[in-house]
Amino acid sequence: MDLCRSITVARLATWWCVLACAQAAAQAPTSYPLDRELARAHRESQLRRSEVPTAVAGIPPAFYGPAPGHSAVAVGGATLLPTPPQLPVQRWAGAPVNGQARVSTGPTSAAAPGGPGVPWAAYGVKQGLPSMPAYVPTESSMAFPSASFLAPLPQRLPSGGAAVNTNANPSINGPPPTQQPASPGGPIGRGPEQFLHRETYHADEIPYHRPWVGSDTTLVPFDPSRFKSDPNYDHLPYDAGSEIGVFTGKHANRTQQPWVNGFRGLYRDGPIPVSPTWLGETNLIAPHFLVYGDCRLGAAYIQQNARDLVNIATKLNLDVDFKLTATERFHAFVTPLNDGGSVTRIEVQDGEARFIDEFDPNFDTIFFEGDIGSLWGGLTGQDSPFDLPIAMGIYPWLAQNGVWFNDAVLGVATTIPARNNAALNWSNYDLSFFAVFDELTSPAFGGGNDVHAYGGALFLEAYDGYVESGYAYLNNLDVPELSYHNATLAYTRRIRALMSTSLRVLLNEGQRGPVRTADGQLFLWENSLITRYPSTVVPYCNLFAGFGRPQSVARAAGAGGVLANTGIVFETDGLNNTPTLDATAANTFGGAVGINLLDNTLTQQLVFEFGAVQIQGRSAARNAAGNQYGFGARYQKVLNHAWILRFDALYGFLDQASDIAAIRSELRWKF
């Protein structure tokens, strides 16, 4: 009786350890360090656990669970116990059945707990029952948990199925494993099981496990030089309150609301309403109707043509946006207080004041914007099969920072977006095409000319930077001699940590007759230095050279000259119409040098700049009578979420003409 009782107690102790270890393995994260370095660290961690008993009922110490920081491995829903690194590891693979780990009774090692002839075993845990062993071995098998587990797998194991060799490319995934005959043993009640057997490795000799990849995929070698060390924050004091504040210190920011905020609106509380399916199940209706924009009020003192002028002007910009789906909308833009470049204002000159009304309720833009792929997918009941955005109506077009195209025109435009070309090593490029039938504004043509334009633009990321190019043919139906070709090319990149640079070329060619209004070339070189504070301290130097009369494809009346973005001494304010240095680049060269300063909160800006224009070539093709030099300054400050205050100042020294000067202030309300 005492002997039977002792045997029973020993068995209960054994299975208590089995259950405890299985539960610990099931609760551990489903990952295991299989590369050489992590396996060595695992071994050292296990060897340091000297306080753990050497064996309990024949179970090795490593069975008690993974070392701190390590865990068991999960395959096909079964969680396998960690391998004791002090024992050899038999490398084998077999797919679990119904969430249970397989047991191999193949070749054994003398280091096994049971000695020679005792099979290696791996216990699994049924999915959803972490406290239960996957199966109970019979007394005759004595398959105690031992050092065997799934070593690095050379093939992908589908859940619940047999081991499958997916080595379409042996050079990547390694040679296919060898299928062994069915094992005479296996889980209780399961009958013979097949297994895959490989040679034996020591735990710290486990080879690197290559991930399964497709046959059309190339593994890129790891280059540690591409990565920097993690930042060290030891010199910063730890503040538990601020750490918790990341999660508990959130609050709503006050934002300006649109004038009209209909349907779903822009900022709404509560759940999103159900979307109708009028355009199909895959192109849901999500309507909103918004009216937003800004109102500008400016006052300026201007000295030009040897006369003094004071004006107070106002301008209202309204965007009307009616969104139908995530990709389709109708949009319109109207400026009712100005007509083209003329703004509603009060002028005081020579002691006499007058009010100038430039009311114009007509839309400056009104167009439909959408994606043909999304529309087609919704109508045919499938996800968008392709991307083809399109705009039609009087739509705005801005290209190359407004240098090549800056106008609202009547026509149609479409884009082939987000493509790549491995042969040319282009990681990303877009192709856009446009056709203009009316409303094109350009100094190259008279106000009443009927002009059509056709062309396209390319934007691509390649050659360590960005490339922009474009071509347009402008067909003047009233005066065919003024028709011409307009092409552009630009390259932008960052040069190490020194500067960002852009080089732009604009070419006009093809006009015939004695008077040519668009026949020239423009070269622009734009540079900004990268300082210790690259976002707040930005010195810049922009240079240009114009030959003949270079023209943009189209420029709106209030957009200024082609050099409008070269510097603030060339930029019109679009409100008080303050004078600038010659911005046409017609037979001139020069540039602007300045510094742009912002505070750390990006709520204040201060700019100082010096600009110059030098004449060259024939005076008949030039606007500037002589050389010009100017100083400019600008200060802007965000007052709150809706108001911005701005000041501008300019003084220009002009040869062969009167000097120019302007000082202005502006208050802008955004809604």
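Computed from a predicted structure; not experimentally measured.
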>> Checking Tyr540 against Glu609 for the side chain to side chain donor-acceptor pair (under 3.5 Å) test, could you report, in this order, the C-alpha distance in whole Å, the side-chain angles of both residues, the deciding distance, and whether it holds?
In response: CA-CA 9 Å; Tyr540 61 91; Glu609 181 180 287; 2.4 Å; yes

> Roughly how far, to the nearest 0.5 Å, is CZ of Phe547 from CG of Leu522?
Replying inline: 9.5 Å

>> Strictly below 4.0 Å, N to O, side chains only: are Glu481 and Arg512 in salt-bridge contact?
In response: no

>> Distance alone, cut at 3.5 Å: any donor-acceptor contact between the side chains of Asp364 and Thr335?
In response: yes

> Ala518 and Asn508: which non-hydrogen atoms are nearest, and at how many Å?
Replying inline: O-CB, 3.4 Å

> Can a salt bridge be assigned to the pair Arg664 and Asp648 using a cut-off of 4.0 Å between side-chain N and carboxylate O?
Replying inline: yes

> Are Glu666 and Arg668 close enough for a salt bridge, meaning some N to O gap below 4.0 Å?
Replying inline: yes

>> A side-chain contact here means heavy atoms from C-beta on lying under 4.5 Å apart; do Arg532 and Val537 qualify?
In response: no

> When rounded to the nearest 0.5 angstrom, what distance separates CD1 in Ile660 from OH in Tyr651?
Replying inline: 9.5 Å

> Only one of Trp259, Trp643, Tyr292 clears ring-ring contact (aromatic ring centres under 6.0 Å, His included) with Phe671; which?
Replying inline: Trp259

> Parallel under 30°, tilted from 30 to 60°, perpendicular over 60°: which one fits the rings of Phe610 and Tyr629?
Replying inline: parallel

>> Ring-plane angle category for Phe405 and Trp397, please: parallel below 30°, perpendicular beyond 60°, tilted otherwise.
In response: tilted

>> Please give me the minimum heavy-atom distance between Arg549 and Ala620, naming the atom from each residue.
In response: NH2-O, 3.6 Å

> Phe330 vs Phe322 aromatic rings, parallel, tilted or perpendicular, using cut-offs 30° and 60°?
Replying inline: parallel

